[in-house]
Amino acid sequence: MKQTIKENAVKKVQELMQAFSCCAEAKAAAQNWLDALGTEKEAEQTKNLIAELEMDLVTVDGLIAFAGSEAGEKVFGAEKAKEVKAHGEELKSSGVKYCDCPACAAVEVILEMKEELLSAE
């Protein structure tokens, strides 16, 4: 893969790991990928990272549904859940496809590099 793609991916993966909204599974996959860079495990860990991030990226519809649910209220609190749901509805009305929290924003950029990351080095 081109060095600049890898460098950009490393930066975004580090941003992802620092995001308050990054789940433990994504954080672990990200760390495993960083640890595998330059080793024989890089290709395998790249596939694992991409697979995890594809599962974790939240659509705007998913954000709205979660924020409007009982589980969303437990995570955010009742008032914040209403705010998050309204924010999701604003995103949707403006044509945004994915949640814009720091973790999802980083994941979206990483997944835009998916083909380059998965291609032969």
Side-chain angles (χ1 to χ4, degrees):
M1 102 184 58
K2 292 182 182 176
Q3 191 60 28
T4 55
I5 295 290
K6 188 182 284 190
E7 290 168 0
N8 290 337
V10 166
K11 288 178 188 173
K12 284 297 171 183
V13 166
Q14 290 169 336
E15 283 180 31
L16 168 65
M17 292 175 68
Q18 293 172 7
F20 75 90
S21 50
C22 182
C23 69
E25 296 84 1
K27 201 172 279 193
Q31 187 62 60
N32 290 340
W33 181 75
L34 290 171
D35 291 345
L37 291 175
T39 73
E40 70 282 349
K41 293 185 178 186
E42 183 173 342
E44 173 189 352
Q45 290 303 322
T46 299
K47 289 177 188 171
N48 291 344
L49 175 67
I50 296 298
E52 180 63 39
L53 299 185
E54 288 178 334
M55 286 190 297
D56 293 345
L57 184 59
V58 177
T59 64
V60 169
D61 287 335
L63 175 65
I64 293 166
F66 180 70
S69 72
E70 194 174 305
E73 283 191 19
K74 286 181 182 177
V75 169
F76 297 119
E79 285 306 308
K80 186 66 175 177
K82 289 177 188 174
E83 291 174 22
V84 171
K85 183 178 180 190
H87 177 69
E89 290 167 347
E90 288 173 20
L91 291 174
K92 184 173 182 169
S93 70
S94 66
V96 174
K97 188 173 179 181
Y98 297 107
C99 171
D100 65 346
C101 76
C104 286
V107 168
E108 189 173 2
V109 173
I110 295 164
L111 291 178
E112 287 172 1
M113 296 181 255
K114 174 182 173 178
E115 294 308 314
E116 291 91 345
L117 292 171
L118 290 173
S119 66
E121 322 222 324

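Side chains are part of it too, since the values below use all heavy atoms of this structure and drop only hydrogens, waters and symmetry mates.
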Practice item. Go through the steps to decide whether Tyr98 and Leu91 satisfy the test side chain to side chain contact (heavy atoms under 4.5 Å, CB included), and finish with yes or no. Key: CA-CA 8 Å; Tyr98 297 107; Leu91 291 174; over 6 Å; no
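- Pairs engaging residues 99-108 under the side chain to side chain donor-acceptor pair (under 3.5 Å) rule: His87-Asp100 [sequence neighbours left out].
- Pairs passing the ring-ring contact (aromatic ring centres under 6.0 Å, His included) check and including a residue from residues 49-83, sequence neighbours excluded, read Phe66-Phe76.
- By the rule that hydrophobic residues join a cluster once side-chain heavy atoms approach within less than 4.5 Å of another member, Val96 and Val109 end up as members of separate clusters.
- Applying the salt bridge (Lys or Arg N to Asp or Glu O under 4.0 Å) criterion to Lys82, with sequence neighbours excluded, gives Glu79.
- Summarising the local packing, CD of Glu70 is surrounded by 12 or fewer heavy atoms from other residues, nucleotides or ligands at distances under 6.0 Å.
- Applying the side chain to side chain contact (heavy atoms under 4.5 Å, CB included) criterion to Ala19, with sequence neighbours excluded, gives Ser21, Cys22, Pro102, Ala103.
- Take Lys12 and apply the salt bridge (Lys or Arg N to Asp or Glu O under 4.0 Å) test, not counting sequence neighbours, and it matches Glu15.
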Run the side-chain donor-acceptor check on residues 48-65: report pairs under 3.5 Å with partners two or more places apart or on a different chain.
residue, atom, partner, partner atom, Å
Glu54, OE2, Lys114, NZ, 2.5
Thr59, OG1, Gly62, N, 2.9
Asp61, OD1, Lys92, NZ, 2.6

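- With values rounded to the nearest 0.5 angstrom, Glu42 atom CD is found 10.0 Å from Leu34 atom CG.
- With hydrogens and angles ignored, the 3.5 Å screen pairs no side-chain donor or acceptor of Gln31 with any backbone N or O of Lys27.
- For the atom pair CD of Glu116 and OG1 of Thr46, the computed distance is 12.5 Å after rounding to the nearest 0.5 Å.
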